[in-house]
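Per chain, numbering begins at 1; letters A, B, ... match sequence-line order.
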Amino acid sequence: MLDIQLLRTQPEVVAAGLARRGAAIDLTPFEALEAQRKQVQTQTQDLQARRNTLSKQIGMLKAKGEDVAPVMAEVAGLGDALKANEDKLAVLLAELDAFVAQIPNLPHESVPEGRDEAGNVEVLRWGVPPTFDFKPQDHVELGEGLGGLDFAAGVKIAGSRFTLMKGEVARLHRALAQFMLDVHTTEHGYTEIYAPYLVNPDSLFGTGNLPKFEEDLFRVERSDGTHLYLIPTAEVPVTNIVRGEILDAASLPLKFVCHTPCFRSEAGSYGKDTRGMIRQHQFDKIEMVQIVTPEMSWDALEELTGHAETILRKLALPYRKMALCAGDMGFSAAKTYDLEVWLPAQNTYREISSCSNFEAFQARRMQARCRAKGGKPRPLHTLNGSGLAVGRTLVAVLENYQRADGSVTVPEVLLPYMGGVAVLTPLR
RNA sequence: GGAGGGGUGGCAGAGUGGUCGAAUGUACCUGACUCGAAAUCAGGCGUAGGUGUAAGCCUACCGUGGGUUCGAAUCCCACCCCCUCCGCCA
């Protein structure tokens, strides 16, 4: 949520920021609503003040045993007007809220210009894509050859975009998650979180997934008429830890890491990445979340992105770091780096991590604030990033570590998690 | 799922229709005393919004949402959450 004061006082700044995103906005309805709100609110509060004064008089007169009829008569005349004003004000405030809630965040000044992913800027490239003296297989062929990826079973059990993993491949997947958690907790100072996989609508509003993106979520109805949603990322439960809180600024930064499955309905991506496990309804992800003061957040974004990069480097997976352009960023982000890992079979880099600074955008939606000693509460800043998407990391390992006979070498750093298995061997 | 108890300021805890945004204690801040600290004394000390150059004034908020009333922390209804016991259960 943008600062409503910014909309009131500097609408041209908001319009310019949104234009960079390619999201033109007409602020005329907002200004009209604001003008009305101002007038109705002032009027309502005046009426309330009058009623309060008179009601107190009644109390005092009664205590003295005097006649209250004249005062009663005056206050009675206030009733209808007051009620009408209060109702009108409530409607106006709700409309204003709804309007502001659907405006995306403004891009930071350092965000590159651009309409879509073609405008993203490569800021760093690490590692050298491996060369093979054979035609590299993609992870589907490799995984099936190893007897470790069973796409048919996933489809039978649940439907398309679900996959079953077996044996050493399933273990490798688990090893990756354990490895990532261990690095972030022991080397990067994150506190491990285990969080609910189902969340309420308020939490999703807080991170910016609702109300605009409900079609991306799996919704679970309950018998009492309420509903929950399966989390699309651990960002949602973990960031909402601080919803409605006023934190001591001295306690920041808070750094959380959380391994969860993520559920995305992928509505609107029919036909995209249908092969393999690149785009699934369910995938595991290690998510890093930082809760910081406004002064910290830009350094924190670099740090957090570096933490995700560390995982790729330890796994010796070639990647590049992209600064997303204004038109390609998510709804809540002020700035985003994507990390893209090299996939030999596709002969290209594919997204494996997304690290964003949301500044106060989520904090305002969540009413999450911090207070320095003696100071006023103000919205804190939130960040998060994948560190990393586990399923896609598995794909990258399979493809980058493959050998001519269809076997796959286990990356060195994963050996402690693999119980002596150093090579995944294909079935006969 | 059943029965009972309870949600008030950072914390504890009063308040059952009328100067209650809320006693008191505690924590915290400022000042006095002190070489300094402790103790003591005095003052301050919630959040959000409106209005004003400002001092200030005003409004809302006592789990949430409705209702009754001139007036609600207090009465009524619904819901949410927490605690205790019973049942069920990984």
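- Within the nucleic acid shown, A:Asn52 comes within 4.0 Å of sugar-phosphate atoms alone, with no base atom in reach, counting heavy atoms only.
- Within the nucleic acid shown, A:Ile58 comes within 4.0 Å of at least one base atom, counting heavy atoms only.
- Heavy atoms of A:Arg378 sit nowhere under 4.0 angstrom from any nucleic acid atom.
- Checked against ring pair (Phe, Tyr, Trp, His ring centres under 6.0 Å), A:Phe331 has the following partners two or more places apart in sequence or in another chain: A:Phe213, A:Phe361.
- Shown here, B:rG87 forms no base pair; nothing in the strands shown gives a Watson-Crick or G-U wobble contact with both key distances under 3.5 Å.
- With 3.5 Å as the limit, one finds a donor-acceptor pair spanning the side chains of A:Ser110 and A:Lys335.
- Between B:rC75 and B:rG18, the two C1' atoms lie 14 Å apart (nearest whole Å).
- Across the P atoms, B:rU84 and B:rA32 are found 50 Å apart, a figure rounded to whole Å.
- For A:His381 and A:Trp298, the distance between ring centers is not under 6.0 angstrom.
- With the nearest nucleotide of RNA chain B identified for both A:Gln45 and A:Met60, A:Met60 has the one nearer the 5' end.
- Comparing the C1' positions of B:rU16 and B:rC76 gives a spacing of 14 Å, expressed to the nearest Å.
- Taking a heavy-atom distance under 4.0 Å as the criterion, the stretch of RNA chain B touched by chain A extends 5' to 3' from B:rG18 to B:rG71.
- Going from the C1' atom of B:rC62 to that of B:rG17 covers 15 Å, rounded to whole Å.
- Across the C1' atoms, B:rG71 and B:rU59 are found 16 Å apart, a figure rounded to whole Å.
- Comparing B:rC29 with B:rC20, their C1' atoms sit 25 Å apart, to the nearest whole Å.
- Between the side chains of A:Ser251 and A:Asp248, not a single donor N or O lies within less than 3.5 Å of an accepting N or O.
- Of the P atoms belonging to B:rG50 and B:rC45, the separation is 22 Å, rounded to the nearest Å.
- B:rU69 and B:rU74 have their P atoms separated by 16 Å, with the value rounded to a whole Å.
- A side-chain donor from one of A:Tyr319 and A:Arg313 sits under 3.5 Å from a side-chain acceptor of the other.
- When each of A:Asn384, A:Thr336, A:Asp338 is checked for a side chain to side chain donor-acceptor pair (under 3.5 Å) with A:Ser356, only A:Thr336 meets the rule.
- The nucleotide B:rA78 finds its pairing partner in B:rU64, both defining distances of the Watson-Crick or G-U wobble pair being shorter than 3.5 Å.
- Base pairing of B:rU26 is made with B:rG10, judged by Watson-Crick or G-U wobble geometry with both donor-acceptor distances under 3.5 Å.
- Of the options A:Glu215, A:Arg161, A:Gln280, a side chain to side chain contact (heavy atoms under 4.5 Å, CB included) to A:Glu266 is made by A:Arg161 and by none of the others.
- Nucleic acid contact for A:Arg50: none, since no nucleic acid atom lies under 4.0 Å from a heavy atom of the residue.
- Mapping A:Asp46 and A:Arg369 onto RNA chain B by nearest heavy atom places A:Arg369 at the nucleotide closer to the 5' end.
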